[in-house]
Asks: 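First, the structure itself, so that you have it in front of you.
Proteins get letters first, then strands, A, B, ... in listed order; numbering begins at 1 in each.
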Protein chains: 2
Amino acid sequence: MRKAPPDFRNRKRAEGQESVLDAIDRRILDRLQRDSTISNQELAEQVGLSPPACLKRVRALRSAGVITRTVAILSPEVLGYPMLTVARVKLELPNEAANHAFEARMAELPRVVQCMTVAGDFDYILLIRSRDVGHYQDFARRVLKLAPGIRSYTSEIVLQVHKATTEVPIDPT
Amino acid sequence: MRKAPPDFRNRKRAEGQESVLDAIDRRILDRLQRDSTISNQELAEQVGLSPPACLKRVRALRSAGVITRTVAILSPEVLGYPMLTVARVKLELPNEAANHAFEARMAELPRVVQCMTVAGDFDYILLIRSRDVGHYQDFARRVLKLAPGIRSYTSEIVLQVHKATTEVPIDPT
DNA sequence: CGTGAAATATGTATCGT
DNA sequence: ACGATACATATTTCACG
């Protein structure tokens with residue numbers, strides 16, 4: 001009972017095709033993931049299409065889920081969250097209920113910007129935004145120490161972010 | 001001979017003020033970091049301003065560096081990069097030249113989506129996008145094993161991304 | 001997919017508070 | 001200094017070939 005669009009346009013697929021995106025689609029995506037403030041006119045010109053044709057493709061790319069969303073990226077520093085920490089969490093028991101509870105908790109905390117499971121230790125890796133060290137310590141105590149089913153955790157303070165891109169490789173690199 | 005706006009509007013600052021953003025600015029940022037496809041008209045209505053006044057604020061927020069950029073977020077899965085890996089790298093000698101060379105190398109590799117230095121071990125943490133396990137192994141051999149000055153590295157395969165937001169906390173949480 | 005026209009949004013100027 | 005109204009310009013978007 002799936003309802004989402006199963007694939008992108010009626011291009012050749014199901015043949016083990018690697019991608020259903022043609023060169024123009026890739027150029028559109030390349031531009032938009034760098035800067036989506038450009039007008040559709042400008043974009044159309046850059047990719048060699050008329051504005052309506054370009055717009056149709058962008059909309060198709062959206063509804064197909066290739067473009068998941070379009071957002072403004074804000075400066076954490078200016079907004080008072082200059083600190084970034086990588087935390088690793090180990091649960092007591094990796095059972096379904098405990099995992100789900102933990103993930104739901106992380107989902108609702110704005111300071112947790114990333115939460116993922118990694119192979120090997122049945123661990124979570126978190127990226128956490130904080131105002132300062134005290135603010136982080138507060139978070140660690142409130143959320144990590146007291147959270148149900150947490151066995152242990154480690155924190156690593158990020159000294160410098162050298163690269164943090166939202167871009168996904170497009171060309172067959 | 002400065003030309004860029006030295007600070008954000010002529011609000012009260014230099015008084016050790018924590019922030020120069022008022023409630024309306026925060027509402028603008030809140031909307032735009034969730035979805036920047038809304039028109040300025042719609043945004044203006046939502047924040048209770050006239051379209052020109054709203055536009056002026058958005059532009060000011062941009063040139064002040066509060067909004068750093070506006071981008072389309074693409075689906076790594078659809079684009080053929082479903083795999084995410086966290087790598088930790090330890091350099092032989094944490095000298096200036098080696099660090100800079102490594103950071104420059106990471107900056108130019110599209111598959112490296114994040115690169116940061118963490119306290120404690122003078123280490124790097126990388127987040128790497130790959131097509132599959134073989135593709136990552138290839139990367140690890142070419143980039144991590146053979147990179148000059150690398151002492152050791154570990155890789156952790158991300159099984160599931162539960163949360164990955166580009167949003168920064170706005171309200172005084 | 002392109003062209004042309006209608007609908008809509010953006011951007012500017014000016015005035016008022 | 002900031003916002004609102006009104007007007008001009010530009011872009012988005014629809015219908016059609």
Asks: In whole angstroms, how far is the P atom of D/dC16 from the NZ atom of A/K56?
Replies: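 In whole Å, D/dC16 P lies 15 Å from A/K56 NZ.
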
Asks: May I have the distance from B/Q41 (atom CD) to D/dT11 (atom P), rounded to whole angstrom?
Replies: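 So the two atoms are 16 Å apart, to the nearest Å.
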
Asks: Salt bridge or not between B/D25 and B/R57? Use side-chain N to carboxylate O under 4.0 Å.
Replies: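 Yes.
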
Asks: With a 4.0 Å cut-off on heavy atoms, is B/P52 in touch with a base, just the backbone sugar-phosphate, or nothing at all?
Replies: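 Base, at least one base atom sits under 4.0 Å.
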
Asks: Return yes if a side-chain donor-acceptor contact under 3.5 Å exists between B/T37 and A/R62, otherwise no.
Replies: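 A/R62 and B/T37 do not have a side-chain donor-acceptor pair below 3.5 Å.
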
Asks: Is the phosphate of C/dG11, meaning OP1 or OP2, less than 4.0 Å from a side-chain N or O of B/R59?
Replies: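 Affirmative; the distance criterion is met.
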
Asks: For residues A/Y81 and A/S130, is any side-chain donor paired with an opposing acceptor at under 3.5 Å?
Replies: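 No, because no side-chain N or O of A/Y81 sits under 3.5 Å from a partner of the opposite role on A/S130.
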
Asks: In dot-bracket, 5' to 3', how would DNA chain C read with Watson-Crick or G-U wobble pairs under 3.5 Å, [ ] for crossing ones and | for pairs to another strand?
Replies: .||||||||||||||||

Asks: How close or far is atom C1' of D/dT12 from atom CG of B/N40, stated in whole angstroms?
Replies: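 Taking CG of B/N40 and C1' of D/dT12, I get 15 Å after rounding.
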
Asks: Over how many whole Å does the gap from A/L43 atom CG to D/dA10 atom C1' extend?
Replies: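 From A/L43 CG to D/dA10 C1': 17 Å.
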
Asks: Nearest-Å distance, CG (A/L55) to P (C/dA7)?
Replies: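 The distance from CG of A/L55 to P of C/dA7 comes to 18 Å, rounded to the nearest Å.
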
Asks: Can you tell me how far apart OG1 (B/T85) and CZ (B/R111) are? Round to the nearest 0.5 Å.
Replies: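 Going from OG1 on B/T85 over to CZ on B/R111, the span is 10.5 Å.
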
Asks: Expressed as a whole number of angstroms, how long is the span from B/L49:CG to C/dT10:P?
Replies: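 Atom CG in B/L49 sits about 14 Å away from atom P in C/dT10.
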
Asks: Could you give the CD1-to-P distance, from B/I38 to C/dT8, as a whole number of Å?
Replies: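 My rounded result for the distance is 18 Å.
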
Asks: Quiz question: by atom type and distance under 3.5 Å, do the side chains of A/S75 and A/E77 form a donor-acceptor pair?
Replies: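 Distance-only check passes for A/S75 and A/E77.
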
Asks: Indicate, with a heavy-atom threshold strictly under 4.0 Å, whether B/S39 touches base, sugar-phosphate, or nothing.
Replies: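 Contact class for B/S39: sugar-phosphate only.
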
Asks: Return no unless some side-chain N or O of B/R57 is found under 4.0 Å from OP1 or OP2 of D/dG3.
Replies: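 Yes.
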
Asks: Atom CD1 of B/I24 and atom P of D/dG3: how far apart are they, to the nearest Å?
Replies: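 In whole Å, D/dG3 P and B/I24 CD1 are 6 Å from each other.
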
Asks: Examine the side chains of A/Q46 and A/R31 and answer whether a donor and an acceptor come within less than 3.5 Å of each other.
Replies: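 Yes.
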
Asks: With rounding to the nearest 0.5 Å, note down the distance linking CG in B/L159 to OG1 in A/T117.
Replies: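 That separation rounds to 6.5 Å.
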
